[in-house]
Amino acid sequence: MRASELFCPTLREVPSEAEVVSHQLLVRAGFIRKTTAGVYTYLPLGFRVIKKIEEIVREEMNRAGAQELLMPIIQPAELWQKSGRWDIYGDEMFRLTDRHDRYFALGPTHEEIITAIVDGDVHSYRDLPLLLYQIQNKYRDEIRPRFGLMRGREFIMKDLYSFDTDEEGLEISYKKMYEAYTRIYDRLNLKYRVVEADPGAIGGNESHEFMVLANNGESQIVYCDNCDYSANVEKAPCMAEEMQETDEEIHDLEKIHTPGQKTIQDIAERFAIPRRRQVKTLIYWADGELVAVCLRGDRELNEIKLKNILKCNQLFMADEQLVKQSCGAGVGSLGPVGMDLKVYVDLEVPAMKNFTCGANEDDYHFMNVNMGRDFVPEGVVDIRNAVEGDQCPVCRQGCLKTARGIEVGHIFKLGTKYSQAMGATFLDKNGQEKPMVMGCYGIGISRTMAAAVEQNNDENGIIWPLSIAPYQVIIIPVNNRKTEQMDTAEFIYKELRKRGIETIIDDRDERAGVKFKDADLIGIPIKITVGPKSLQANQVEVKKRWEDKVEMLDISTITEKVIDIINS
RNA sequence: CGGGGCGUAGCGCAGUUUGGGAGCGCGUCUGAUUUGGGAUCAGAAGGCCGCAGGUUCAAAUCCUGUCGCCCCGACCA
């Protein structure tokens, strides 16, 4: 490609709306442009990267025995009503009507469609297992699209759906996908971790997320420094901290006046009681019932764990007014002692001696509270977020570390949830009708592009991994009015193209600095500079985007050298 | 939806407090000189100041409404 003809509008300044580095660089380097909130146009270079990622995914899906198909984006409401998700999906689904006032959705995912298709045409165990996938735009009317491609309302996704006769079959399909995903992210050259995840609303039991590690990723993950355990914090179980049986004596309960002191921090400062010696109490609304949850003052509640424990559909923190009505005291003066609501305490609470908490009376707290003597909870449960330093729940030897990640892939065992709802059944060997056992496996293609940039950049711009770079090589004649430079550049350009190497020649009548800056910004992995100094020796300069080193090489060896780099 | 902020030239912004000339930098176009890390000089083009209504002799500026965008929270690949 000739830079003079390439549509790649680079920007010198950082667009004001871009917050994270991947968004800034993709816009600045001329890969994407926003069309409206959460919806982007992929310019030529951006589209090339997308296609490269898609191709790697496609190859690995096919290698795993899957078949690609294409499903509609516009989907009729009836299908969604059949699965029961028309109502559940809520505002996140883009909905539209046709001229006859019939309802449709812009597909946020395709379980309904694929299950209906398979239901229609697969009836025998002989036709299973079946692995079908699609790569296409999906739509979710996100509450808050953000971070450019990271969380869009229109995004490109690969989704594969597996259909098996039984759990064992599902296990095999799941494993296949797990391995395929590992190969994919290895080939994409991204640093990632596979973590245990909460399946969430999609249903099913087992689930793994593929997280590209990045400092401003949206997900928090924990991993063990001793074994290979890792999980999303949402999921990571917490152990009750080794109870150091202190000889501490149990003191008498004491009520203290604490006017205006509403936070753990207030009490910590006023009475010199460390946060870990206090208990905080949160009131939650769970499908209509209010419950109180208690945990150590320095801990964070994990709402997903709580939701799973309470087995409720809707869960949110009660507002001030609701708290006041039901507890007789405001937020900040609550505690388990004398609490009318059901009280759930975190695993750590039973071990705490003589702790401090609210007295369920405004401006009063209790000191020297002890579980058992002063109150009896409804349950002792794991409801806190794991934090750095916690004991590993698997090997029990190591300590948990934390990291942030971008969720680029997610695989689920769905079981028979959708096949039952949609009536996707088959006849087994004995002529018995059974629901198919399903799994679904997603990869955010456009998000992966953002994740790659998030992980591979420096102060000058993007550093594409060779496997997904829009072009592998850029040739820069320092001064294209010097014919010997241009001729050499053109010669190398032809040679490389002959060998099938994707190459840009920067034939623009620009100063060298401009070309260098643009080349770095758009992140082409291999840069070949043709300048007067090296030309005298019949050489050109070769530099890898991810290294500082510049190599001087004979023009005659350049093609082989480039091929070496690409294959290494 | 709750909280915060912003809409002025393609991009980044000043001007709005205290009403009266629509400006700056980058980019774009023309010409000249330049040509190894975002050149210099000279000239030029480019604006429903988000939109609608109101106040006023006069509105980018004040008032009302509305639309859009960004950030923080709940949601998620």
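Throughout, protein chains are lettered first and strands after them, A, B, ... in sequence-line order, and every chain is numbered starting at 1.
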(message) Between Thr263(A) and Gln265(A), do the side chains contain a donor N or O and an acceptor N or O under 3.5 Å apart?
(response) no
(request) Select base, sugar-phosphate, or nothing to describe what Gly152(A) touches, counting heavy atoms under 4.0 Å on all strands. (result) base
(request) Indicate, with a heavy-atom threshold strictly under 4.0 Å, whether Ser446(A) touches base, sugar-phosphate, or nothing. (result) nothing
(message) Regarding Asn62(A) and Tyr133(A), do their side chains bring together a donor and an acceptor under 3.5 Å, going by distance alone?
(response) yes
(request) May I ask you to verify whether the side chain of Asp520(A) and the base of rG37(B) hold a donor-acceptor pair under 3.5 Å? (result) yes
(request) Please state whether the base of rG38(B) and the side chain of Asp518(A) form at least one donor-acceptor pair under 3.5 Å? (result) yes
(request) Please work out which of the three classes, parallel, tilted or perpendicular, describes the rings of Trp464(A) and Phe31(A), given edges at 30° and 60°. (result) tilted
(message) Does rA39(B) have its OP1 or OP2 closer than 4.0 Å to a side-chain nitrogen or oxygen of Arg511(A)?
(response) yes
(message) Tell me whether the side-chain N or O atoms of Arg151(A) pair up with the base of rC76(B) as donor and acceptor below 3.5 Å, since no angle test is needed here.
(response) yes
(request) Just call it for Glu142(A): base, sugar-phosphate, or nothing, with non-hydrogen atoms closer than 4.0 Å on any strand. (result) base
(request) Counting heavy atoms from C-beta on, name the nucleotide in rG37(B), rC71(B), rC70(B) closest to the side chain of Glu17(A). (result) rC70(B)
(message) Just to be sure I understand the rule, does Pro532(A) reach a base, reach only the sugar-phosphate, or reach nothing, if contact means heavy atoms closer than 4.0 Å?
(response) base
(message) Rounding to an integer number of angstrom, what distance separates rG73(B) and rG36(B) when you compare their P atoms?
(response) 48 Å
(request) Would you indicate which nucleotide in rG68(B), rG36(B), rA77(B) comes nearest to any side-chain atom of Val478(A)? (result) rG36(B)
(request) Would you kindly check if the NZ (Lys) or CZ (Arg) of Arg95(A) is within the cone defined by 45 degrees around the ring axis of Tyr103(A) and under 6.0 Å from the six-membered ring centre? (result) no
(request) May I ask you to evaluate whether Arg144(A) reaches the phosphate of rG73(B), defined as a side-chain N or O under 4.0 Å from OP1 or OP2? (result) yes
(message) Students often get this wrong, so: under 4.0 angstrom with heavy atoms, is Gln485(A) touching a base, only sugar-phosphate, or nothing?
(response) nothing
(request) Look at the side chain of Glu13(A) against the base of rG38(B) and say whether a donor-acceptor pair falls under 3.5 Å; ignore hydrogens and angles. (result) no
(request) Could you tell me whether Arg28(A) contacts a base, only the sugar-phosphate backbone, or nothing, with contacts defined as non-hydrogen atoms closer than 4.0 Å? (result) base
(request) Examine rG73(B): is either OP1 or OP2 under 4.0 Å from a nitrogen or oxygen in the side chain of Arg146(A)? Give yes or no. (result) yes
(request) By nearest nucleotide on RNA chain B, pick out whichever of Asn460(A) and Pro145(A) is the more 5' one. (result) Asn460(A)
(request) Considering only atom P, compute the distance from rA39(B) to rG27(B) and round it to an integer number of Å. (result) 8 Å
(message) Nearest to the Glu19(A) side chain among rA77(B), rC71(B), rC75(B), which nucleotide is it?
(response) rC71(B)
(request) Can you tell me, in whole Å, how much space there is between the C1' of rU16(B) and that of rC6(B)? (result) 14 Å
(message) Can a donor-acceptor pair be found, under 3.5 Å and without considering hydrogens, that links the side chain of Ser230(A) to the backbone of Val194(A)?
(response) yes
(request) Sticking with atom P, work out how far rG50(B) lies from rG15(B), rounded to a whole angstrom. (result) 15 Å
(request) Rounded to whole angstrom, note down the P distance from rC26(B) over to rU64(B). (result) 39 Å
(message) For Lys517(A) and Ser219(A), find the nucleotide of RNA chain B closest to each by heavy atoms; which residue's nucleotide sits nearer the 5' end?
(response) Lys517(A)
(request) Return yes if some donor-acceptor pair links the side-chain N/O of Lys527(A) with the main-chain N/O of Ala519(A) below 3.5 Å, else return no. (result) no
(request) May I ask whether Phe155(A) stacks on the base of rA77(B), given the cut-offs of 5.5 Å between ring centres and 30° between planes? (result) yes
(request) May I ask you to say what Lys34(A) touches in the nucleic acid, namely base, sugar-phosphate or nothing, with a heavy-atom cut-off under 4.0 Å? (result) sugar-phosphate
(message) Base, sugar-phosphate or nothing for Leu521(A)? Non-hydrogen atoms, less than 4.0 Å.
(response) base
(message) With rounding to the closest Å, how many angstrom separate the P atoms on rG38(B) and rU30(B)?
(response) 23 Å
(request) Using a heavy-atom cut-off of under 4.0 Å over every strand shown, decide if Tyr441(A) touches base, sugar-phosphate, or nothing. (result) nothing
(message) Between rC49(B) and rA14(B), how many Å separate the two C1' atoms, rounded to a whole number?
(response) 13 Å
(request) Check the side chains of Ser467(A) and Asn189(A) for a donor-acceptor pair under 3.5 angstrom, ignoring hydrogens and angles. (result) no
(message) Using the P atom as the point on both nucleotides, what is the distance between rC70(B) and rC29(B), in whole Å?
(response) 30 Å
